[in-house]
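Letters go in sequence order (proteins before strands), and every chain restarts at 1. If you're wondering where the values come from, they're calculated on a predicted model, not measured in any experiment.
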Number of protein chains: 2
Amino acid sequence: MAKTNLLAADGGFEQPCPIRDVLDRIGDQWSLLVLDALEGGTKRFNELMRELGDISKQMLSLTLKRLEEDGFVRRTVYPEVPPRVEYDLTPLGHSFLVPMRGLVAWADEHHRLVCEARTHYRTAAK
Amino acid sequence: MAKTNLLAADGGFEQPCPIRDVLDRIGDQWSLLVLDALEGGTKRFNELMRELGDISKQMLSLTLKRLEEDGFVRRTVYPEVPPRVEYDLTPLGHSFLVPMRGLVAWADEHHRLVCEARTHYRTAAK
DNA sequence: CTGTATCCCTCAAGATACTG
DNA sequence: CAGTATCTTGAGGGATACAG
């Protein structure tokens, strides 16, 4: 029963599953886009808004908060008027992007196959 | 503006974003668990039910259908009584698990850091 | 400028009952 | 055995107005 239990829904009973923990951040609509945008360097709130294009203030705020909470992003407030807040990736954030790039590359390479599979599935009509 | 636009919400306007396409499958609650279970070899419906433990029939059925549609999983029906249906990974499904393992490994290695970051975030109280 | 508060809506997912 | 149909709930996410 040992198996490669890396994806177990639960490490037994204790902690929330490590993979789920990370996957929840990946799965949400915006975290990856934000991480990607920040890989280019330090950014301010409105800068991210513009760069992501179609994200709402609320979601950007929430996403950044979660990423900060999980240690992927660092938030720096400058006590000026008007207020200035900068976001950048922590080392943890950067290191996360490494395996992530692998996945992105896979998606890029195989997207066509997935699309074909879907088409075939549908024309087979079941 | 060229950038590494790998994570663009949309390839411009055309197809659904390749990454999003894959991520949606990763993001859902069960796809990864099912893929993982099938890596061990061909399985039947109830076998998967037992192995995953806490998945409902409905979600297993839906998840398998989506994975089949995307070409990750193959479904084979044997015209017997009682009915027998077997599921296994396609080459595409197998190849997908390669980058996925990278991500899982990262999660495993860094989960402690994420937890610490959360604790620190909370004790900092804001 | 940098957010938070509020309202609403959609859709993933659980429970249960029924079917071939 | 291997599913589908139906109902319900709850979290995620959009829009907008307000606040420091």
Participant: Can you find a heavy atom in the side chain of B:Asp36 that is under 4.5 Å from one in the side chain of B:Arg101?
Facilitator: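 Yes, at least one pair of side-chain atoms sits under 4.5 Å.
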Participant: Taking any atom under 4.0 angstrom from a heavy atom of chain B, which nucleotides of DNA chain D are the first and last to qualify, 5' to 3'?
Facilitator: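 The protein-touched segment is D:dC1 to D:dT6.
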Participant: Could B:Arg112 and B:Glu116 be called an ion pair, given the rule that one side-chain N must be under 4.0 Å from one carboxylate O?
Facilitator: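 Looking at B:Arg112 and B:Glu116, the cut-off is met.
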Participant: Where along nucleotides 6-20 of chain C does protein come under 4.0 Å, by heavy atom, of base (B) or sugar-phosphate alone (S), with - for untouched nucleotides?
Facilitator: B------SBB----B
Participant: B:Asp88 and side-chain hydrogen bond (donor to acceptor under 3.5 Å, both in side chains): which single residue from B:Arg74, B:His94, B:Arg75 fits?
Facilitator: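 Going through the options one by one, the only one that passes is B:Arg74.
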Participant: With under 30° as parallel and over 60° as perpendicular, where do the rings of A:Tyr87 and A:Phe45 fit, or are they tilted in between?
Facilitator: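 A:Tyr87 vs A:Phe45 ring planes: tilted.
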Participant: Tell me the closest heavy-atom pair linking A:His120 and A:Thr123, and the distance in Å.
Facilitator: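 That closest heavy-atom pairing would be O-OG1, 3.1 Å.
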Participant: Mind checking B:Tyr87 for me? I need base, sugar-phosphate or nothing, with any heavy atom below 4.0 Å counting as a touch.
Facilitator: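 Sugar-phosphate: the residue B:Tyr87, judged by heavy atoms under 4.0 Å, touches backbone atoms but no base.
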Participant: Using whole Å, what does the distance between atom C1' of nucleotide C:dG3 and atom NZ of A:Lys65 come to?
Facilitator: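 Whole-Å distance recorded here is 9 Å.
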Participant: Between A:Arg84 and C:dT2, is there a contact of a side-chain N or O with OP1 or OP2 at under 4.0 Å?
Facilitator: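 Checking C:dT2 against A:Arg84, no side-chain N or O comes under 4.0 Å of OP1 or OP2.
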Participant: Taking A:Glu47 first and then A:Lys43, would you say they form a salt bridge - that is, a charged N and a carboxylate O separated by under 4.0 Å?
Facilitator: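 The answer is no: the pair does not qualify as a salt bridge.
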Participant: Can we say B:Asp21 and A:Arg118 salt-bridge, meaning some charged N sits less than 4.0 Å from an Asp/Glu carboxylate O?
Facilitator: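 Yes.
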Participant: I'd like to check A:Phe96 versus A:Ile26 (side-chain heavy atoms, cut-off strictly below 4.5 Å). Are they in contact?
Facilitator: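 SC-SC contact between A:Phe96 and A:Ile26 confirmed.
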Participant: Can you measure A:Leu48 atom CG to C:dC1 atom P for me and round it to whole angstrom units?
Facilitator: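 Roughly 14 Å, once rounded to whole Å.
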Participant: Would you work out how much the helix from C:dC1-D:dG20 to C:dG20-D:dC1 bends between its ends, with each end axis defined by five base pairs, to 10 degrees?
Facilitator: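 About 40°, once rounded to a multiple of 10°.
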Participant: For residues A:Leu97 and B:Trp106, determine if any side-chain heavy atom of one lies less than 4.5 Å from a side-chain heavy atom of the other.
Facilitator: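 No. Closest side-chain heavy atoms not under 4.5 Å.
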Participant: Report yes if the side chains of A:Arg66 and A:Ser31 come closer than 4.5 Å at any heavy-atom pair, otherwise no.
Facilitator: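 The answer is no, as the side chains (C-beta and beyond) never meet within the 4.5 Å cut-off.
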Participant: Round to a whole Å and report the spacing from CE of A:Met49 to P of C:dT2.
Facilitator: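 Taking CE of A:Met49 and P of C:dT2, I get 10 Å after rounding.
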Participant: Looking at A:Thr63 and A:Met59, would you say the former's side chain and the latter's main chain have a donor-acceptor pair under 3.5 Å?
Facilitator: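 Looks like yes, one N/O pair under 3.5 Å.
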